[in-house]
Amino acid sequence: GYVKGGYHPVRIGEKFSDGRYVVVRKLGWGYFSTVWLAEEIKFVHSLPLDPLSYSHLVLIGWIRINRHVAIKIVKSSRKCTETALEEIKLLECTSSPSRSASRSSSSQLKSGEPSLIHPGRSHVISFLDHFEHSGPNGTHVCMVFEVLGENLLGLIRRCEDRGVPTRVCKQIAKQVLLGLDFLHNHCGIIHTDLKPENILVSIDDVEALIKSELRKSSQPTTRDSEHEPRRLKRGSKQTFGSNVTTIIRSEPLTSLSSFGLSSRSHRRKNHRKGQVERDEGDIVVAPGITVKIADLGNGGDYLFDPSYGPGYSKDEDHIAQVMELMGSFPKPVMFSGRYSRDFFNRKGELRRIQKFRFRSLNAILREHRRFSESESSLIASFLNPMLRLDPDQRVNAEEHLRHPWLDGITTQGDLDADLQRRTLELSHAFTNAAEILRGHVH
Ligand code: ADP
């Protein structure tokens, strides 16, 4: 790692970008980079309070603003640098308000409103800055992000015994769909690696939340009232939905390609929004395929939990389990993979697995007893369209946000967008009022 072309050896207290960032501690590391918590020190020019005072008293000062950020310091090798630069191009689209305004088609937006107001923006990691840093191992691309908390895997593990509460699952599902819709409709990006590790969850007080949800689950009458949006006090920090905030992020490839893990949707033929797509040559896997379904009975169960067995590999078992749930792969999908022929014979049968135990999602959900018949069919009707094996048949994020399983769920992004919309309206009103007044004065 810490060699020429590798990681940059960081010292605590080390300054980056001309002293703007000071390293506090390590947050983590990966194949591609090390990630550091840093304090950003920014000086903002304070303006004189009253513009008329300019001529008499020049009241100019600097205000120091401090905040914490995560700096990702990429290995200095050529490959890593190229990948990082590609990723920066994609990330910049997610943070610029104007770039793709014309592509906006979200049902949440009225035409003419800036693309800034999309409830999904709050659920995509904020990319704040980037710069280069030279050290003993070369020149490193550095990317600055907001600091995030634990990933979804951590939450699932924490809730192992009882499962993640249904309301939290709904919040997370809706926030992820909003994020995907924002990425797709506003930035032209398809997130191709959606998995629990890339879904960062912050919950103000996980333990309190779990306790309160447990209390509720023993009182069935609270079901409807719990979905009602809470009225917000003026000036209070706007949070809702057990204060769950989900952020999706992409992770650069560990098999390095010249593109980040996400790809621009316009470069792909036949894409559908918000779907997981793989490079040609890979088997196309529907999103959520290895996502643990939490909240099923005691603790979470994997929807697919493959293992190798006599005469077949783990991958073959995985494919067989997918077929047991979703039926056979459509031929074009089945034979689109680089390794298709290793798994399937000409007739489209798995070469080494003959026995199947077909089961429907609905039946699996009912077996877990926790759900009533109507609840299981609602959940199954939410999950099935995302799992369809034919990419053309798979539902996209924008459509799926309207699914009844998400009815009554208000996300932080909805509130943020609403606040921004109202602020915008207010500023228009002020501008109008000022113009009217000016008209009166003259
Ligand atoms: P790589 O691309 O090198 O694999 P990752 O993006 O996976 O690196 O980051 C490595 C680790 O750093 C993550 O597993 C996580 O623990 C931590 N990390 C990354 N980004 C952030 C962030 N924005 N806030 C907090 N921790 C982060």
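Note that these values count all heavy atoms, side chains included, but never hydrogens, waters or copies made by symmetry. Start at 1 and go down the list; that is how both ligands and their atoms are numbered. Residue indices begin at 1 and follow the sequence shown.
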TODO: Please say whether L148 places an N or O atom under 3.5 Å from an N or O atom belonging to ligand 1.
DONE: yes
TODO: Can you figure out which of Y31, W36, W29, F32 has its heavy atom closest to atom 11 (C) of ligand 1?
DONE: W29
Open item on the list: Please check: side-chain N/O of E316 versus main-chain N/O of L350, any donor-acceptor pairing under 3.5 Å?
Closed with: no
Open item on the list: Can you see whether N185 engages E398 through a side-chain donor-acceptor pair at a distance of less than 3.5 angstrom?
Closed with: yes
Open item on the list: Is there a polar contact between ligand 1 and F145, counting only N or O atoms under 3.5 Å apart?
Closed with: no
TODO: Just jot down the ligand 1 atoms closer than 4.0 angstrom to any heavy atom of S33, in number order.
DONE: 1 (P), 2 (O), 3 (O), 8 (O)
Open item on the list: In the structure I gave you, are the side-chain heavy atoms of E14 and V22 within less than 4.5 Å of one another anywhere?
Closed with: no
- [ ] Say whether, by atom type as modelled, one donor and one acceptor occur between the side chain of R394 and the main chain of R388 under 3.5 angstrom.
- [x] yes
- [ ] Using a strict cut-off of 4.0 Å, indicate which atoms of ligand 1 neighbour a heavy atom of E146.
- [x] 22 (C), 23 (N)
TODO: Report yes or no: does S360 contribute a side-chain atom to a donor-acceptor pair with the main-chain N or O of A363 at less than 3.5 Å?
DONE: yes
- [ ] Report, in ascending order of atom number, the atoms of ligand 1 lying under 4.0 Å from any heavy atom of V147.
- [x] 24 (N)
- [ ] Of the side chain and backbone of K72, name the one, both, or neither that has a heavy atom under 4.0 Å from an atom of ligand 1.
- [x] side chain
Task: Region of L27 that comes within reach of ligand 1 [heavy atoms, distance under 4.0 Å] - done: both
Task: Heavy-atom side-chain contact between I319 and F343 under 4.5 Å - done: yes
- [ ] Give the contacting part of A70 toward ligand 1: side chain, backbone, both or neither, where contact means a heavy-atom distance below 4.0 Å.
- [x] side chain
Task: Any donor-acceptor N/O pair, K4 side chain to P136 backbone, under 3.5 Å - done: yes
